[in-house]
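One structure is given here, and the rest of the page talks about it.
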Amino acid sequence: YAETYGVDVDPARVCVTTGSSGGFLLAFLWAFDAADRVALADPGYPAYRNILKAIDCVPVGLPATAASRFQPTPELLDAAGGDLAGLIVASPANPTGSMLSAKELEALVLWCRKRGVRFVSDEIYHGLDYRGASVSALEFTRDAIVINSFSKYYCMTGWRIGWMVLPDDLLRRVQILQQNLFIAAPTLSQ
């Protein structure tokens, strides 16, 4: 993170996971309560919705269009109405490939901070970009849940190895839950 983004990350905040999917499950289980409303771009990666529904959260699709470059915006969040517990962003996004600029990502982080909304950043497609370097949410906040994986950039899809950078308040909780659900990411992959 220091080399790629100029961000100092304490290794103790990193949790190795069974792929990014295992990371999403662990993060969502501790970050959100049943009935919490969590915003995400629509169209977006279907697994977010499926995991949220499985833990009785309410996915709130933000109608992202070409006008918003298929990404959430503060205006779309304002229009979502009601209380939101979280926002999930992916940049580059799946399935659209659209990317948030540093200014756009910072605006979303600030929107969430002002309202006490959890910010989840899916960064598994970082490095697979052609318009410029990807921007990490960690460049703007220590409170984001950042999920990444070796699957895409490192071409290790079948190895099922990923990681999360967690805010301090979630770190120990996620570690305990991981010990009970997965024990550890596959030894061979590690």
Side-chain angles (χ1 to χ4, degrees), residues 1-11 13-28 31 38-49 51 62 64-77 86-113 117-167 170-171 174 185 189:
Y1 282 88
E3 289 176 17
T4 305
Y5 305 106
V7 175
D8 199 21
V9 174
D10 181 351
R13 292 181 50 214
V14 178
C15 181
V16 177
T17 61
T18 305
S20 60
S21 297
F24 287 118
L25 178 61
L26 290 166
F28 294 177
V38 180
L40 53 144
D42 186 11
Y45 182 49
Y48 304 144
R49 281 181 181 72
I51 295 169
L62 303 174
T65 64
S68 67
R69 295 180 28 269
F70 302 102
Q71 287 285 356
T73 65
E75 295 76 21
L76 287 172
L77 288 163
L87 169 64
I88 304 167
V89 300
S91 176
N94 178 353
T96 65
S98 64
M99 290 177 57
L100 291 163
S101 68
K103 184 178 177 181
E104 291 166 329
L105 185 59
E106 183 178 28
L108 291 171
V109 167
L110 291 173
W111 189 97
C112 289
R113 181 182 298 142
V117 173
R118 282 263 188 212
F119 191 87
V120 181
S121 185
D122 176 347
E123 300 184 358
I124 68 171
Y125 288 101
H126 278 206
L128 302 177
D129 35 43
Y130 303 100
R131 292 189 179 182
S134 298
V135 182
S136 176
L138 297 173
E139 295 178 49
F140 306 107
T141 182
R142 284 182 47 97
D143 295 325
I145 298 169
V146 173
I147 299 179
N148 211 321
S149 166
F150 289 95
S151 294
K152 308 303 187 234
Y153 184 74
Y154 297 98
C155 302
M156 296 171 60
T157 53
W159 292 66
R160 308 312 309 145
I161 191 96
W163 72 91
M164 294 185 287
V165 180
L166 294 164
L170 290 183
L171 182 58
V174 167
S189 300

Please evaluate residues Leu40 and Val120 with respect to the criterion side chain to side chain contact (heavy atoms under 4.5 Å, CB included), reporting the C-alpha separation (whole Å), side-chain torsions for both, the decisive distance (0.1 Å), and the verdict. CA-CA 10 Å; Leu40 53 144; Val120 181; over 6 Å; no
Neighbour count >12 (heavy atoms, 6.0 Å) for atom OH, Tyr153: no
Within this structure, what is the OG1-CG distance for the pair Thr65 and Leu76, rounded to the nearest 0.5 Å? 7.5 Å
Check Ala102 against Phe140 and note the closest heavy-atom contact, atom names and distance. O-CZ, 3.4 Å
Heavy-atom pair with the smallest gap, counting every atom of Asn148 and Glu123: ND2-O, 3.1 Å
Begin from the C-alpha positions of Trp111 and Thr73 and carry the test side chain to side chain contact (heavy atoms under 4.5 Å, CB included) through to its verdict. CA-CA 9 Å; Trp111 189 97; Thr73 65; over 6 Å; no
For the residue pair Leu105 and Ala137, what are the closest heavy atoms and their distance? CD2-N, 3.7 Å
Please lay out, stage by stage, how Val146 and Tyr1 fare under the test side chain to side chain contact (heavy atoms under 4.5 Å, CB included). CA-CA 12 Å; Val146 173; Tyr1 282 88; 4.0 Å; yes
Rounded distance [0.5 Å steps], CG in Leu25 versus OG1 in Thr18: 10.0 Å
Using ring-ring contact (aromatic ring centres under 6.0 Å, His included) as the criterion, list what pairs up with Phe24, not counting sequence neighbours. Phe28, Tyr48
Rounded to the nearest 0.5 Å, what separation is found between the CD atom of Glu75 and the CG atom of Leu62? 11.5 Å
Does Tyr5, at its OH atom, have more than 12 non-hydrogen atoms belonging to other residues, nucleotides or ligands within less than 6.0 Å? yes
Atom CG in Leu26, atom OG1 in Thr17: separation rounded to 0.5 Å? 7.5 Å
Return yes if some donor-acceptor pair links the side-chain N/O of His126 with the main-chain N/O of Ser91 below 3.5 Å, else return no. yes
Just by modelled atom types, is the Leu166 backbone N or O under 3.5 Å from a matching donor or acceptor in the Arg13 side chain? yes
Taking Trp159's backbone N and O only, do any of them form a donor-acceptor pair with Ser189's side chain (distance below 3.5 Å, no angle check)? yes
Heavy-atom pair of closest approach, residues Phe70 and Pro43: CD2-CD, 4.2 Å
If we ignore hydrogens and angles and just use 3.5 Å, is the side chain of Thr141 paired with the main-chain N or O of Asp143 as donor and acceptor? yes
Is there a side-chain contact between Arg118 and Val38 in this structure, where contact means two heavy atoms from C-beta onward sitting under 4.5 Å apart? no
May I ask you to check whether Phe150 and Trp163 place their ring centres under 6.0 Å from each other? yes
Tell me, do Val14 and Val9 make a side-chain contact under 4.5 Å, heavy atoms counted? yes
Output the distance between atom CG (Leu108) and atom CZ (Phe119), rounded to the nearest 0.5 Å. 5.5 Å
Start with the C-alpha gap between Arg160 and Ser151, add the side-chain angles, then the distance that decides, and say whether side chain to side chain contact (heavy atoms under 4.5 Å, CB included) holds. CA-CA 7 Å; Arg160 308 312 309 145; Ser151 294; 3.8 Å; yes
With a 3.5 Å distance limit and no angle check, can you tell me whether Ser136 reaches the backbone of Glu139 through a side-chain donor-acceptor pair? no
Ignoring hydrogens and geometry, is there a side-chain-to-backbone donor-acceptor pair from Glu104 to Pro72 under 3.5 Å? no
Looking only at heavy atoms, what is the nearest atom pair of Ile51 and Ser21, with distance? CD1-O, 4.3 Å
Those residues that, when tested against Asp129, pass salt bridge (Lys or Arg N to Asp or Glu O under 4.0 Å) (two or more places apart): none
Which heavy-atom pair separates Ser149 from Ile161 by the least distance, and what is that distance? OG-O, 3.5 Å
